[in-house]
Amino acid sequence: MFDCLKSNNILTSSSLSFTLIILVIILTDSIMSNVSLHSSVFQQHQTNKINHDQVYCSTRFHSQVEQFSRTNQCKVNFFMTWISPANSFGQREFFALESLFRTNPKSCLIILSTTMDSEEGFKILEPLISLGFRVESISPDFSDLLKHTPAETWLVEIKNGIKNPGEIPLAQNLSNLIRLAVLYKYGGVYLDMDFIVLKDFSGLRNSIGAQSIDANGKWSRLNNAVLVFDKKHPLIYKFMEEFALTFDGNIWGHNGPYLVSRVVDRVAKTKDFNFTVLPPMAFYPVDWTRISRFFARPNDPVTAKWVEAKIRHLNRSTYGVHLWNRESSKFKIEEGSIIWRLVYDHCLICHFNFSTS
């Protein structure tokens, strides 16, 4: 559930239906657990932001983001989204945060999530917060985020049942849109949660990564799992415009990777946009069809040598590794594998149980 509901608003039947759709999407994986708070640290943390109940009911998303930015000297502003229950935020997701702060210790991270903006979510993040890292979960107000953007009307049509959300879970497409909106309004770096960060991002600006290239070295597919853009960048505006005009909730990727590929292909023919397409090695050094190799232990000298060479190449040329969680979640991280090595080389707390991952 993304929208922050206000208690002083009366829900119409259409907006109630929209809310129920989001609730169903979020609660299908598992039932959220009831976790009681027993630490005074959470209360102290809450006084440093804004009272949680007031935020949830009346304070707008913008105020929270502005306060977080004002109270922290952020070298880079990172954003992630989490649309599942907090109790499904596991070791792999937490390690993504560890690797981010290991390589970008002076940066800030906002996790856009209603479920993580909770006592249970705070408990998950507390080990990083207690070490002084600046990370916070904030429930996004979708109406506020999309106000004065090309997608504002799209949201109204979805809420009122005018626009068909399609068969693909609406939360997935909302995640595609929210990353665009937050970058357009605030600027910074958006990262998917299934990511191992290997380098400092502060040298990147207005960049998107190629997922694949053709025989001539020209990109053939872009991806939106990593986006680095300034506030109000015109390309992000074009992405949101395309989302609203061509939305199709029945085709996987149409409103995400395929969307950014379509738009960049068009605008690349003009000189009105200032951005860089980085090669696959920057963010997508392994294709989803071959990701299993990164999780497997080397069983012979030849494979072991390949792993060592690949690790050196990644550390030299890659900002981060996208893990393609949709495919890789079924693989265990085997000892000595590339992922195993990256985890131990880039963790902070390093409490990782590989037998369950």
Worksheet item: So, D194 versus H322: side-chain donor-acceptor pair below 3.5 Å or not?
Response: yes
Practice prompt. Compute the centroid of each ring, for F79 and then for Y190, and state whether the two points are separated by less than 6.0 Å.
Written response: no
Item to complete: Tell me yes or no: between the side chains of R134 and T71, is some donor less than 3.5 Å from an acceptor?
Response: no
Practice prompt. Taking the side chain as every heavy atom from C-beta outward, state whether F195 and F283 have any atom pair closer than 4.5 Å.
Written response: yes
Worksheet item: Do side-chain atoms of D214 reach the backbone of G217 as a donor and acceptor pair under 3.5 angstrom?
Response: yes
Practice prompt. Using only heavy-atom distances, determine whether the side chains of N206 and D230 contain a donor-acceptor pair under 3.5 Å.
Written response: yes
Discussion item. When you measure from the centre of the six-membered ring of W324, is the NZ or CZ of R290 closer than 6.0 Å and no more than 45° off the axis?
Written reply: no
Discussion item. Assigning hydrophobic clusters by single linkage (Ile, Leu, Val, Met, Phe, Trp, Tyr; side-chain heavy-atom cutoff under 4.5 Å), is I162 placed with L155?
Written reply: no
Worksheet item: For R262, does the CZ atom have more than 12 heavy-atom neighbours from other residues, nucleotides or ligands under 6.0 Å away?
Response: yes
Item to complete: Look at the side chain of N223 and the backbone N and O of A225, then say whether any donor-acceptor pair between them is shorter than 3.5 Å.
Response: yes
Item to complete: Taking the six-membered ring for Trp and the full ring for Phe, Tyr or His, determine whether the centres of F201 and F78 are under 6.0 Å apart.
Response: yes
Worksheet, complete the sentence: Between L342 and I311, the two heavy atoms sitting closest are CD2-CD1, 4.0 Å
Practice prompt. Evaluate the side-chain proximity of W252 to I168: yes if any heavy-atom separation is below 4.5 Å, no if none is.
Written response: yes
Worksheet item: Taking the side chain from D265 and the backbone from S261, do they hold a donor-acceptor pair closer than 3.5 Å?
Response: no
Discussion item. Quick check against the 3.5 Å criterion: does T115 have a side-chain atom that pairs as donor or acceptor with the backbone of S84?
Written reply: yes
Worksheet item: Within the side chain of E152, is there an N or O that forms a donor-acceptor pair under 3.5 Å with the backbone of H148?
Response: yes
Worksheet item: For the hydrophobic clusters of this structure (ILVMFWY residues joined by side-chain heavy atoms under 4.5 Å, transitively), does one cluster hold both F101 and L131?
Response: yes
Item to complete: Would you check, one step at a time, whether the test side chain to side chain contact (heavy atoms under 4.5 Å, CB included) holds for L348 with L128?
Response: CA-CA 9 Å; L348 284 167; L128 292 171; 4.2 Å; yes
Practice prompt. To the nearest 0.5 angstrom, please state how far the CG atom of N315 sits from the CG atom of D345.
Written response: 6.5 Å
Discussion item. Do the side chains of D200 and K75 get close enough for a salt bridge, i.e. N-O under 4.0 angstrom?
Written reply: yes
Worksheet entry | Gap between atom CD of E335 and atom CH2 of W340 - 0.5 Å precision | 5.0 Å
Worksheet item: Would you say the side chains of S139 and D117 form a donor-acceptor pair under 3.5 Å?
Response: yes
Worksheet item: Which heavy-atom pair separates L146 from A181 by the least distance, and what is that distance?
Response: CD2-CB, 3.7 Å
Discussion item. So, taking the atom named CD in E334 and the one named NZ in K332, what distance separates them when rounded to the nearest 0.5 Å?
Written reply: 9.5 Å
Worksheet item: Atom CG in L145, atom CG in L174: separation rounded to 0.5 Å?
Response: 11.5 Å
Item to complete: Answer yes or no: is there a side-chain heavy-atom contact under 4.5 Å between Q91 and H351?
Response: no
Practice prompt. Would you check if D272 and P234 make a side-chain contact, meaning some heavy-atom pair closer than 4.5 Å?
Written response: no
Fill in: side chain to side chain donor-acceptor pair (under 3.5 Å), paired with N255, selected from D248, N224, N173
N173
Worksheet item: Going by the angle between their ring planes, with limits at 30° and 60°, are H62 and Y186 parallel, tilted or perpendicular?
Response: parallel
Practice prompt. Carefully, step by step, assess I138 and I111 under the rule side chain to side chain contact (heavy atoms under 4.5 Å, CB included).
Written response: CA-CA 6 Å; I138 299 178; I111 300 174; over 6 Å; no
Practice prompt. Identify the heavy atoms of C347 and E98 that sit nearest to each other, and give their distance.
Written response: CB-OE1, 3.4 Å
Fill in: Derivation of the side chain to side chain contact (heavy atoms under 4.5 Å, CB included) call for K199 and T318
CA-CA 7 Å; K199 286 185 183 298; T318 301; 5.7 Å; no
Worksheet item: Just by distance, do the side chain of S130 and the backbone of P127 share a donor-acceptor pair under 3.5 Å?
Response: yes
Discussion item. Which heavy atom of I124 sits nearest to which heavy atom of A86, and what is that distance?
Written reply: CD1-O, 3.3 Å
Fill in: Ring-ring centroid check H346 F95, cutoff 6.0 Å
no
Worksheet item: With the threshold set at 4.0 Å, does a side-chain nitrogen-carboxylate oxygen contact exist between K185 and D144?
Response: no
Worksheet item: Have R179 and S175 got a donor and an acceptor in their side chains that come within less than 3.5 Å?
Response: yes
Worksheet item: Taking the side chain as C-beta and beyond, is there a heavy-atom pair between N104 and L109 under 4.5 Å?
Response: no
Worksheet entry | Atom pair CZ (F89) and OG (S113), whose distance is rounded to the nearest 0.5 Å | 8.5 Å
Response to the item:
Correct closest heavy-atom pair for V277 and A210 would be CG1-CB, 4.1 Å
Item to complete: Kindly indicate whether the side chain of I196, heavy atoms from C-beta on, has any atom under 4.5 Å from the side chain of L323.
Response: yes
Worksheet entry | hydrophobic_cluster_shared for F239 and I251, side chain cutoff 4.5 Å | no
Item to complete: I would like to know whether I291 and F331 meet side chain to side chain contact (heavy atoms under 4.5 Å, CB included); could you show each step before the answer?
Response: CA-CA 9 Å; I291 189 64; F331 302 128; 4.1 Å; yes
Discussion item. Just so I know, are the side chains of I83 and P169 near enough to count as touching, which here means a heavy-atom distance under 4.5 Å?
Written reply: no
Worksheet item: Is it the case that one hydrophobic cluster holds both L177 and Y237, taking links as side-chain heavy atoms less than 4.5 Å apart, direct or via other members?
Response: yes
Worksheet, complete the sentence: Value for CD1 (I129) from NZ (K123), rounded to nearest 0.5 Å, stands at 13.5 Å
Worksheet item: What are the two closest heavy atoms between K310 and I338, and how far apart are they?
Response: CG-CD1, 3.4 Å
Item to complete: Assess the side chains of S292 and K330: does a donor N or O sit below 3.5 Å from an acceptor N or O?
Response: no
Practice prompt. In sequence, state the C-alpha distance, the side-chain angles, and the governing distance for F247 and H254, and then conclude on ring-ring contact (aromatic ring centres under 6.0 Å, His included).
Written response: CA-CA 8 Å; F247 177 80; H254 178 83; 8.0 Å; no
Discussion item. Hydrophobic cluster membership, with links at side-chain heavy-atom distances under 4.5 Å among I/L/V/M/F/W/Y: are F295 and Y344 in one?
Written reply: yes
Worksheet, complete the sentence: Applying salt bridge (Lys or Arg N to Asp or Glu O under 4.0 Å) to K238 and not counting sequence neighbours gives E241
Worksheet entry | Sub-4.5 Å side-chain heavy-atom contact between F133 and L97 | no
Discussion item. Side chains of T276 and S207 only: does a donor on one sit below 3.5 Å from an acceptor on the other?
Written reply: no
Item to complete: Verify whether one side chain among D300 and T303 offers a donor that lies under 3.5 Å from an acceptor in the other.
Response: yes
Discussion item. Donor-acceptor pair, distance only, cut-off 3.5 Å: does the side chain of S337 make one with the backbone of I333?
Written reply: no
